[in-house]
Engineer: 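A single structure is presented below for examination.
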Amino acid sequence: MTATSDRARVERYDPSEIEPRWQRRWDELRLHSTDLSNGSRRRYYLLTMYPYPSGDIHIGHWYIKTPTDAIARYRRMHGDNVFLPIGFDAFGLPAENAAIARRVNPREWTMSNIDNMRRQLRSMGATFDWDAEVVTCDPDYYRWNQWFFLQFLKAGLAYRANSAVDWCPNDGTLAREQVEGADRHCWRCGAKVEKRDLDQWYLRVTKYADELLDFSGIEFPDPVRIQQTNWIGRSEGGEIVFATAPSDHHPGGDEIRVFTTRPDTLFGATFMVLAPEHPLVERLTALDRRAEVEAYVAQAVTETEIERLSTEREKTGVPIGADAINPVNGERIPIFVADYVLAGYGTGAIMAVPAHDERDYAFAERFGLPIRRVVAAPGSEDEPLDSAYVAHSAGEVLVNSGEFSGLPADEGGRRIVDWLARDGRAKAAVTYRLRDWLISRQRYWGTPIPVIHCERCGIVPVPEADLPVLLPDTVDYAGSGVNPLTRDEAFLNVACPSCDGPARRETDTMDTFIDSSWYWYRYLSPHKADGPIDDDMVESWTPVEQYTGGAEHAVMHLLYAREFTKMMRDLGLVQQNEPWKRVFNQGQILGADGERMSKSRGNVQDPDELVRRYGADTVRLFLMFMGPWDQGGPWSGSGIGGVHRFLNRVWTITLDPHGREPGDADAGILPAGEDDAAARAQVRAAAHRTLRAVTEDYERFHFNTMVARLMELTNTLFRYRGTPIAGGAEWKEAVRLLLFMLAPAAPHITEELWERLGPPPGKPWASIHAHRWPKVDEVAAAEATREVPVQVNGKLRDKVTVATGIDQAELEALVLARDKVRAALAGRAPDRIIHAGGGRLVNIVVR
RNA sequence: GCCGAAGUGGCGGAAUGGCAGACGCGGCCGACUUAAAAUCGGCUGCCCGCAAGGGCGUCAGGGUUCGAAUCCCUGCUUCGGCACCA
């Protein structure tokens with residue numbers, strides 16, 4: 001072999017030729033179809049959030065899906081039986097918007113989008129098991145939503161209630177989690193959310209509030225765990241019973257229950273506030289107050305709540321002309337109705353303690369109500385208050401609190417509750433912010449709720465044998481957003497299953513978050529016709545080992561799914577308490593302008609175009625290389641050329657080890673001071689040290705440093721290219737290790753190069769992706785010498801290269817003899833010499 | 001306001017108690033080329049200096065430590081979440 005470039009004889013790296021070819025080949029070999037019944041290998045269920053079929057796969061999908069695929073391939077190389085399914089979250093609003101705007105059928109719109117997205121997903125070269133695909137708008141899927149609903153109904157976990165619900169003018173009702181921001185807008189369309197009184201279906205998820213606070217057995221990212229904890233919002237305190245006082249229009253004696261976290265402040269209650277929706281408002285309001293109270297309540301209830309935009313908003317409210325009696329001291333205190341008290345939290349009524357609550361303080365100031373301090377640090381009892389004193393520090397005592405005065409605040413609070421509890425006027429109580437899950441939606445494109453309204457029998461569940469309740473295929477929106485089911489006589493009219501009389505179907509459909517609350521169980525038996533899930537499969541494959549997806553659903557999907565699994569468990573359908581063992585949230589890729597990518601902003605990055613230009617392997621690797629996976633950030637394609645160059649260099653060292661570049665003065669020459677044997681050892685050491693580090697990076701999903709280390713190894717090999725050791729046994733070993741390490745991340749180029757290298761003599765070809773992950777040769781990776789940084793008083797002054805096993809005394813002597821060290825010491829004798837981290841560093845301390 | 005995450009070269013980032021800036025982008029210089037592209041090699045935190053070398057440097061200020069980007073306290077900025085939750 002002459003020492004000239006073989007470039008002319010070596011084909012160029014052409015991903016557009018390689019990638020489709022290997023994707024077809026993998027399909028033919030059924031490399032990605034998981035044998036779910038195979039229990040001989042460790043099962044590894046790797047789940048990634050299924051996409052909404054908006055029409056196009058965008059770069060954000062690549063950002064979550066391709067590293068997930070790298071995990072799948074990495075686990076397979078460890079012998080695991082990996083299941084990586086994919087499907088589509090196919091119900092939901094955009095299909096209806098398209099239908100209304102463009103007069104297309106929602107199903108057709110959705111299915112054609114899915115076709116396009118299947119093609120795009122395949123271009124990633126990901127190992128999705130398409131045999132397990134689930135599409136939620138398929139009746140074979142949504143019938144089981146209906147089946148679950150009927151089971152929940154039987155078990156008392158689903159119920160219908162009339163209450164004030166959050167109402168979006170476009171989307172109809174919303175669950176509480178789907179109302180966002182201080183201005184209370186819809187999570188999906190951004191419209192301002194109103195309140196309406198409606199009969200709606202709920203799932204009784206508050207039953208699980210305490211259990212949902214327990215995250216043992218699942219590894220969630222901390223921010224998600226904290227968000228869920230805050231969302232569930234457990235508060236401990238007491239429920240106190242106040243009685244109404246007799247007056248000229250009312251006999252008194254009605255009970256008003258309030259929830260408080262501060263029973264220690266009970267003596268400071270100087271008025272009471274009921275929420276506008278509180279059931280006692282109407283009954284207690286004095287005749288001469290009626291007109292004003294009704295006007296206030298009417299306004300508060302219909303208010304779009306835009307007025308609440310500012311938290312600085314002045315408190316409003318009106319007195320209802322009745323008093324309550326404070327149970328601790330018999331004092332009469334006036335009752336107000338005010339919208340700063342929420343109907344849905346606690347009991348919808350509060351005792352107001354203006355001295356120790358900011359909101360009550362503001363209200364008292366505005367209405368000239370008394371403010372009485374009942375908690376103080378000792379000695380400051382008489383200090384005047386110019387704002388609510390809410391601080392909670394040790395040593396506070398009760399003041400102005402009758403026989404409880406002088407007690408520490410915490411203890412005083414407990415004693416007050418205990419004392420009132422003796423005759424049933426108080427009890428310890430816990431309240432949650434979490435509400436039951438409102439699942440009714442006034443939309444066509446969702447799962448019909450399987451109940452029938454009969455004039456004689458009331459609400460009658462659809463018999464299980466009649467499932468699914470099919471969505472009609474033809475749909476006429478008549479140009480408006482009103483649910484077309486409400487006009488569809490063929491759908492509406494039905495015989496009552498109970499009395500056979502005329503009846504009407506429920507026209508509400510289910511929140512699409514129902515669909516996504518159990519889809520990974522269905523992946524395990526997507527075609528099962530006699531039940532939603534296959535018990536054996538679920539038993540052996542779930543909880544899911546690893547779930548990957550965005551954090552934007554922290555208190556929506558990620559909470560609903562936990563609730564759903566607990567409901568399924570209570571029905572005996574699954575054994576586990578939690579759906580997944582580990583959840584990882586990747587970051588979000590923003591547009592180049594730092595804003596969310598959206599067609600309207602024109603900042604969307606099209607992955608198809610990048611794939612055409614660089615190939616899927618480059619795009620995959622670039623997304624992994626950009627930065628930490630959980631970080632995301634604004635899109636910038638400026639570094640993608642560097643990643644593409646890296647793959648070209650891998651190509652070159654694999655196929656053309658003896659080539660030399662004319663621009664390199666040192667081409668073909670070993671580094672100074674290295675003989676053949678030393679160079680061979682260097683190459684092996686570099687490869688095995690890289691393997692050690694890269695293995696660790698894969699385990700921890702640190703893909704950016706994984707790629708960086710492979711680049712380093714490639715640069716090292718490039719340095720030895722064209723030298724006498726290139727192409728030798730050690731070189732070949734290093735190249736093979738490089739290809740193995742790169743294979744999960746860049747599957748096509750590594751498969752191609754692996755094939756071109758050819759199988760070992762006498763062995764048939766096998767995919768690189770079926771190869772076992774290599775083992776580190778610790779002897780080869782060991783270092784013979786090490787460079788030790790030398791500090792004087794913590795400042796770097798010199799570096800010495802020593803044998804790895806050198807003992808401390810020897811090292812010290814060596815270091816102290818160095819010119820630079822002696823200069824830095826300037827004749828002073830060392831006080832201490834620190835040997836850090838097993839000889840990693842020496843620090844000489846001198847006064 | 002409350003909860004959370006984060007602030008490191010021109011840029012993406014690395015280092016989570018021990019050599020700050022790995023790796024890549026960008027930039028500069030060079031090789032190859034008639035030329036350009038591609039490719040290859042070198043340099044590239046800031047300041048002083050011809051150089052050797054020195055000083056400064058991880059949002060700001062303080063602290064702990066032989067030693068701090070990393071731990072603690074105070075403050076600032078950016079991003080995400082919550083929205084009168086009694």
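Note on naming: letters A, B, ... go to the chains in the order of the sequence lines (proteins, then strands), and numbering restarts at 1 for each one.
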Engineer: Report the distance from atom CD of A:Q791 to atom CD1 of A:I833, rounding to the nearest 0.5 Å.
Structural biologist: 13.0 Å

Engineer: Between A:T260 and A:V179, which has a closest nucleotide on RNA chain B that is more 5'?
Structural biologist: A:V179

Engineer: Establish, yes or no, whether the cationic atom of A:R620 lies under 6.0 Å from the six-membered ring centre of A:F703 and within 45° of the ring axis.
Structural biologist: no

Engineer: If the C1' atom of B:rC28 is compared with that of B:rG10, how far apart are they to the nearest Å?
Structural biologist: 13 Å

Engineer: Out of B:rC19, B:rG13, B:rG24, which has the shortest distance to the side chain of A:F625?
Structural biologist: B:rG24

Engineer: May I ask you to say what A:S638 touches in the nucleic acid, namely base, sugar-phosphate or nothing, with a heavy-atom cut-off under 4.0 Å?
Structural biologist: sugar-phosphate

Engineer: Looking at A:R721 and A:E661, is any side-chain nitrogen of the basic one under 4.0 Å from a carboxylate oxygen of the acidic one?
Structural biologist: yes

Engineer: Would you say A:K795 places a side-chain N or O within less than 4.0 Å of OP1 or OP2 belonging to B:rA20?
Structural biologist: no

Engineer: Round to the nearest Å and state the distance from A:F220 atom CZ to B:rG4 atom C1'.
Structural biologist: 16 Å

Engineer: For B:rG7 versus B:rG12, give the span between their C1' atoms, rounded off to a whole number of Å.
Structural biologist: 15 Å

Engineer: Return the nucleotide paired to B:rG67: Watson-Crick means purine N1 to pyrimidine N3 with N6-O4 or O6-N4, wobble means G-U with N1-O2 and O6-N3, both under 3.5 Å.
Structural biologist: none

Engineer: If you look at every strand shown and take non-hydrogen atoms under 4.0 Å, does A:S235 touch a base, only sugar-phosphate, or nothing?
Structural biologist: sugar-phosphate

Engineer: Per the side-chain contact (heavy atoms from CB on, under 4.5 Å) rule, which among A:V694, A:I653, A:T716 passes with A:L738?
Structural biologist: A:I653

Engineer: Taking for each residue the nucleotide of RNA chain B bearing the nearest heavy atom, is the 5' side occupied by A:F259 or by A:V845?
Structural biologist: A:V845

Engineer: Would you measure the distance from the P atom in B:rC25 across to the matching atom in B:rC43 and give it in whole Å?
Structural biologist: 15 Å

Engineer: With a 3.5 angstrom cut-off on both distances, give the Watson-Crick or G-U wobble partner of B:rG1, or none if there isn't one.
Structural biologist: B:rC82

Engineer: Roughly how far apart, to the nearest Å, are B:rC50 and B:rA60 at atom C1'?
Structural biologist: 38 Å

Engineer: Using a 6.0 Å cut-off, check whether atom CD of A:E595 has over 12 heavy atoms from anything other than its own residue.
Structural biologist: yes

Engineer: What is the separation between atom CG on A:L342 and atom C1' on B:rC82, rounded to the nearest whole Å?
Structural biologist: 14 Å

Engineer: Is there a Watson-Crick or G-U wobble partner for B:rC46 with both distances under 3.5 Å, and if so, which one is it?
Structural biologist: B:rG55

Engineer: Atom CG of A:D630 and atom P of B:rG13: how far apart are they, to the nearest Å?
Structural biologist: 11 Å

Engineer: Rounded to the nearest 0.5 Å, how far does OG1 of A:T705 lie from CG of A:D697?
Structural biologist: 3.5 Å

Engineer: Choosing from B:rC66, B:rC84, B:rG55, which nucleotide comes nearest the side chain of A:R797?
Structural biologist: B:rG55

Engineer: Partner lookup for B:rG61, please. Criteria are Watson-Crick or G-U wobble with both distances under 3.5 angstrom; report none if nothing qualifies.
Structural biologist: B:rC73

Engineer: Counting side-chain heavy atoms from C-beta on, which of B:rA14, B:rC3, B:rG18 comes nearest to A:A836?
Structural biologist: B:rG18

Engineer: Looking at the side chain of A:L841, which of B:rC19, B:rC40, B:rG53 is the nearest nucleotide?
Structural biologist: B:rC19

Engineer: Taking OP1 and OP2 of B:rG13, is either one under 4.0 Å from a side-chain nitrogen or oxygen of A:Q631?
Structural biologist: yes

Engineer: Is A:P634 touching bases, backbone alone, or none of the nucleic acid, heavy atoms closer than 4.0 Å?
Structural biologist: nothing

Engineer: Can you tell me how far apart CG (A:N585) and CG (A:D630) are? Round to the nearest 0.5 Å.
Structural biologist: 8.5 Å

Engineer: Whole angstrom is fine here: how far is it from CH2 in A:W635 over to P in B:rG12?
Structural biologist: 15 Å

Engineer: With both distances kept under 3.5 Å, what pairs with B:rC32, Watson-Crick or G-U wobble?
Structural biologist: none

Engineer: Among B:rC19, B:rC66, B:rC84, find the nucleotide with the atom closest to the side chain of A:K315.
Structural biologist: B:rC84

Engineer: Could you measure between the two P atoms, the one in B:rC73 and the one in B:rC19, and give it in whole Å?
Structural biologist: 25 Å

Engineer: Can you tell if the side chain of A:T690 reaches within under 4.5 Å of the side chain of A:E712, non-hydrogen atoms only?
Structural biologist: no

Engineer: Would you call the rings of A:F513 and A:H557 parallel, tilted or perpendicular if under 30° counts as parallel and over 60° as perpendicular?
Structural biologist: parallel

Engineer: Other residues, nucleotides and ligands only: do more than 12 of their heavy atoms fall within 6.0 Å of CZ on A:R822?
Structural biologist: no

Engineer: Can you tell which of B:rG18, B:rA20, B:rA86 lies closest to the side chain of A:L796?
Structural biologist: B:rA20

Engineer: Enumerate the protein-to-nucleotides 41-46 of chain B contacts in which both atoms are nitrogen or oxygen and the separation is below 3.5 Å.
Structural biologist:
none

Engineer: For B:rC48 and B:rU16, measure between their C1' atoms and round to the nearest Å.
Structural biologist: 34 Å

Engineer: Who is the Watson-Crick or G-U wobble partner of B:rG10, with both distances under 3.5 Å?
Structural biologist: B:rC25

Engineer: Watson-Crick or G-U wobble partner for B:rC19, using a 3.5 Å limit on both distances?
Structural biologist: none

Engineer: Name the nucleic acid region contacted by A:N843, choosing base, sugar-phosphate or nothing; use a 4.0 angstrom heavy-atom cut-off, strictly under.
Structural biologist: base

Engineer: What integer distance in Å separates A:L213:CG from B:rC3:P?
Structural biologist: 18 Å

Engineer: Between atom CZ of A:F215 and atom CG of A:D222, what is the distance when rounded to the nearest 0.5 Å?
Structural biologist: 10.5 Å

Engineer: Round to a whole Å and report the spacing from CG of A:D798 to P of B:rG54.
Structural biologist: 10 Å

Engineer: If the plane angle is over 60° it's perpendicular, under 30° parallel, otherwise tilted; pick one for A:F271 and A:F363.
Structural biologist: parallel

Engineer: Return the value, rounded to whole Å, for the distance between atom NZ of A:K820 and atom P of B:rA52.
Structural biologist: 11 Å

Engineer: I need the residues from residues 699-714 of chain A with at least one non-hydrogen atom less than 4.0 Å from RNA chain B; give them sorted by number, or say none.
Structural biologist: A:N704, A:T705, A:A708, A:M711, A:E712

Engineer: Would you measure the distance from the P atom in B:rA20 across to the matching atom in B:rC59 and give it in whole Å?
Structural biologist: 16 Å

Engineer: Determine whether A:R12 and A:N648 satisfy the following criterion, side chain to side chain donor-acceptor pair (under 3.5 Å), listing intermediate values before the conclusion.
Structural biologist: CA-CA 8 Å; A:R12 285 178 43 117; A:N648 266 304; 5.9 Å; no

Engineer: Please state the P separation for the pair B:rC32 and B:rG41 - nearest whole angstrom.
Structural biologist: 15 Å

Engineer: Whether A:Y345 contacts B:rA86 is assessed here as follows: a side-chain N or O lying under 4.0 Å from the phosphate OP1 or OP2. Is that the case?
Structural biologist: yes

Engineer: Have a look at B:rG12 and give me syn or anti from its glycosidic angle (syn if within 90° of zero).
Structural biologist: anti

Engineer: Which nucleotide in the list B:rC3, B:rC19, B:rG12 gets nearest to the side chain of A:I226?
Structural biologist: B:rC3

Engineer: Between A:E358 (CD) and B:rC2 (P), how many Å, whole number?
Structural biologist: 9 Å

